[in-house]
Trainee: 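Here it is, the structure in full.
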Protein chains: 2
Amino acid sequence: MDRTQLTRTAVIARGAEIADAGGFDSVTLAAIARSFGVQTPSLYTHVRDLAALRDGITVLALDELAERIGDAIAGRSEYDALVGFGNAHRSYVQDHPGRWESLQRRAGADAVAAPAARRIVRVNDAVLLGYGITGDDRTHAIRIVGSALSGFLNLERIGSFAHSTPAAERSWQELLDSLHLLLTHWHDRESLRTKEKS
Amino acid sequence: MDRTQLTRTAVIARGAEIADAGGFDSVTLAAIARSFGVQTPSLYTHVRDLAALRDGITVLALDELAERIGDAIAGRSEYDALVGFGNAHRSYVQDHPGRWESLQRRAGADAVAAPAARRIVRVNDAVLLGYGITGDDRTHAIRIVGSALSGFLNLERIGSFAHSTPAAERSWQELLDSLHLLLTHWHDRESLRTKEKS
DNA sequence: GTCAAATCCTAATGGTGTTAGGGTCGGTTG
DNA sequence: CAACCGACCCTAACACCATTAGGATTTGAC
């Protein structure tokens, strides 16, 4: 179908397109081969096996997402950085749902060790640095923010918010505001606790 | 392998066991048939197709999870209810990772319409009611709490927290405390905002 | 005791990933 | 310049999967 030179990068890119179009599970060596007008075994010259192909898509997604986040938080801090961070994620899910799906799974060792993975960690740190949170607290805060955002986007993706009002968009704003509230009061959170705690 | 009468319920239960043992993707009609010492086509008497089998596992998981949550929050309110709610989820992921996985996907229409789905909504409401949050705010709050908890558990499951310190357990406590903070200050959250907001 | 429905079977088809090994073309090397 | 070699794609084959068609056997009702 395409005249592109068959190469590892091109194969993975085509896999990513198929993932976005039909879901990550629809990524198949046979479908990629078909789209190139080539026989399935020919792909093994460029990709070790299906698992390596999927890890390749994961690394690609990590890289693209890290770049989007980096652009979104550059020169911003606190609330603006947080909103940029969140919306970078959300727009990526909308633009590339299949690639996002490739991140919601246990990836192979080479994908975890990829430079792209370190890059994601770095941009995450940058957001929290703006709030003046350091040390173990920063790890906790990153995990909490990442959990809330990815959790929301996954629930939205699978349609969990589709059958109730108000629209998910409104809750997204509330979520970002809530996280901002949490981060700005991170250091005096103890004093805000109510009696019922213990 | 088992002398159990072959029936729709038994087939789905066996599928759930296989999911917990090897991941949701390892649930296959062939594997279930093998475990019963039966030929694959025989299962079609009890289950429409593979999609129906997976939806059956999803409904089973919804039911079991709703029951755990119900037990965990019975007679509790505010922080205790929230902690019970969170830990019910977390223990379910640990005990039945494959069934939990069956919930992290877009399910079929019959699964969405199942009574179990409504049951989950009811127990969710119960937690928020204890904090005195009602109306649209309750929907927002449920979505935020659900996003944060499921997001954390999914990231923990795929190993996102495995390669950094401190242990995920610590962050889980921070998450529950953070959510409690958010819910207790839900109604005065506007007054806690800092100037940078806009 | 007979009939019918339920249940399991075998046979077959088409889709998937994967390996083995053959042909062809381009560029490299003596 | 000619022989060679390696990269690349091919065909053939195998194992595993879901699904459908249709036959046989058992079970339960009347």
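As a basis for the values below, the full set of heavy atoms in this structure was taken, side chains included, without hydrogen atoms, waters or symmetry mates. All chains are named by letter (A, B, ...) in the order of the sequence lines, taking the proteins before the strands, and each is independently numbered beginning at 1.
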Trainee: Between C:dC8 and B:His46, is there an OP1 or OP2 to side-chain N/O distance shorter than 4.0 Å?
Mentor: yes
Trainee: Any salt bridge between B:Asp20 and B:Arg99, counting N to O under 4.0 Å?
Mentor: yes
Trainee: With respect to the side chain of B:Arg34, which nucleotide from D:dT19, D:dC17, C:dT18 is positioned closest?
Mentor: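 The answer is D:dC17.
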Trainee: How close or far is atom P of D:dT19 from atom CD1 of B:Ile32, stated in whole angstroms?
Mentor: 12 Å
Trainee: Need one value for A:Thr28: base, sugar-phosphate or nothing, where a base atom within 4.0 Å counts as base even if backbone is also close, heavy atoms only.
Mentor: sugar-phosphate
Trainee: Using 4.0 Å as the upper bound for N to carboxylate O, is an ion pair formed by A:Glu156 and A:Arg90?
Mentor: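 Salt bridge flag = yes for A:Glu156 with A:Arg90.
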Trainee: Among D:dC17, D:dC10, D:dT19, which nucleotide sits nearest the side chain of B:Ala30?
Mentor: D:dC17
Trainee: Using whole Å, report how far CG of B:Asp25 lies from P of D:dC16.
Mentor: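 Roughly 19 Å, once rounded to whole Å.
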Trainee: Counting only side-chain heavy atoms from C-beta out, which of C:dA20, C:dT16, D:dA18 sits nearest to B:Leu50?
Mentor: D:dA18
Trainee: Can you measure A:Phe36 atom CZ to D:dC10 atom P for me and round it to whole angstrom units?
Mentor: 12 Å
Trainee: Is it the case that atom CZ in A:Arg119 sees more than 12 heavy atoms from other parts of the structure closer than 6.0 Å?
Mentor: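 Atom CZ in A:Arg119 is packed in, count exceeds 12.
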Trainee: What nucleotide, of D:dT20, C:dT7, C:dT10, holds the atom closest to the side chain of B:Gln39?
Mentor: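 Of the options given, the side chain of B:Gln39 lies nearest C:dT10.
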Trainee: Would you mind reading off the distance between A:Leu43 atom CG and C:dG17 atom C1', rounded to a whole angstrom?
Mentor: 11 Å
Trainee: Which listed nucleotide (C:dT19, D:dC9, D:dT19) is nearest to the side chain of B:Tyr44?
Mentor: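 So the side chain of B:Tyr44 is nearest to D:dT19.
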Trainee: Among the candidates C:dT18, D:dT19, C:dC8, find the nucleotide nearest to the side-chain atoms of B:Thr40.
Mentor: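 Of the options given, the side chain of B:Thr40 lies nearest D:dT19.
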Trainee: I want to confirm an ordering. Mapping A:Ala31 and A:Arg48 to their closest nucleotides on DNA chain C, which one lands closer to the 5' end?
Mentor: A:Ala31
Trainee: For C:dC9 and B:Ser42 - does any side-chain N or O of the residue sit under 4.0 Å from the phosphate oxygens OP1/OP2?
Mentor: yes
Trainee: If you count the non-hydrogen atoms of other residues, nucleotides and ligands that lie under 6.0 Å from CZ in A:Arg189, is the total more than 12?
Mentor: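 Yes, enclosed.
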Trainee: Any carboxylate oxygen within less than 4.0 angstrom of a Lys/Arg side-chain nitrogen, looking at B:Asp95 and B:Arg68?
Mentor: yes
Trainee: Where the side chain of A:Leu29 is defined as all heavy atoms beyond and including C-beta, which of C:dG17, D:dC10, C:dC8 is the nearest nucleotide?
Mentor: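 Of the candidates, C:dG17 comes closest.
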